[in-house]
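Data block below; observations after.
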Amino acid sequence: MKNKQVEELVLQSLEHELGGVKVYETALQCAVQPGLKKEWKKYLDETHGHVAALETACSALGIDPKREIPPRAVVRVVGGALVEAMKLALSGGNPAAAELVACECVVLAETKDHLDWELIKKCGEHFEGKLGEALAAAADQIEDQEDEHLYHTKGWCRELWIQSLGMTAVLPPPEEVKKVKTAIGAARAEQAAEQAR
Ligand SMILES: [Fe+2]
Ligand SMILES: [Fe+2]
């Protein structure tokens with residue numbers, strides 16, 4: 001593997017997806033709203049698929065998927081901190097508060113997940129040969145799923161916070177109803193929620 005920074009991106013992304021499985025397993029313990037629970041169950045399944053896609057990309061590129069590099073430890077610490085934060089919130093005995101914490105933790109985790117896959121997709125388009133092919137194959141479909149994970153959870157997070165403040169919330173959020181998969185779509189969905197209040 002000649003391109004060290006691409007190798008680092010793949011290994012960071014894999015570590016983040018492994019952490020993502022734990023983030024969703026814990027977030028599901030915090031979820032109260034049945035609609036949110038259903039969404040996160042789907043995202044957990046998809047996250048397992050993302051781990052598998054990156055492991056396949058590693059073997060195609062001759063990267064040891066277990067190779068430790070310093071940025072990987074950083075990603076692991078951040079993911080572990082999100083899990084710890086949710087466990088702490090759960091121990092507080094206020095399910096609605098723990099659900100909000102979980103929403104924020106998932107948004108934080110999905111922000112990097114989204115960036116990782118945007119970059120993997122770009123690498124798939126930019127690099128030729130085996131490298132480009134392996135990354136394009138991994139990014140196929142998954143980048144779309146990451147859009148959904150991030151934008152839909154952001155919508156849930158915003159509306160559940162608004163509900164907790166005693167204002168009119170739009171639930172399920174328009175991001176969910178309109179099946180938003182782009183930043184522009186997410187902005188429109190947020191605007192629609194504002195108009196509905
Ligand atoms: Fe993912
Ligand atoms: Fe994701």
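Each ligand, and each atom within it, is numbered from 1 in the order the structure gives. For clarity, every value in this text was computed on a predicted model and none was experimentally measured.
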Under 3.5 Å, is there a donor on one side chain and an acceptor on the other for Q145 and W117? no

Taking both backbone and side chain into account, is any N, O or S atom of E110 nearer than 2.8 Å to the Fe ion (ligand 2)? yes

How wide is the angle at the Fe ion (ligand 1) between OE2 in E146 and ND1 in H50, to the nearest 10°? 80°

If you check every N/O/S atom of H149, which is the one nearest the Fe ion (ligand 2)? ND1

Would you mind naming the N, O or S atom of D113 nearest to the Fe ion (ligand 1)? OD2

Please walk me through it: do Y24 and E110 pass side chain to side chain donor-acceptor pair (under 3.5 Å)? CA-CA 11 Å; Y24 276 115; E110 287 296 352; 2.5 Å; yes

Between E99 and W156, does a side chain to side chain donor-acceptor pair (under 3.5 Å) hold up when you go through it step by step? CA-CA 10 Å; E99 184 177 54; W156 280 100; over 6 Å; no

Result for side-chain hydrogen bond (donor to acceptor under 3.5 Å, both in side chains) between H50 and one of E55, H149, E146 points to E146

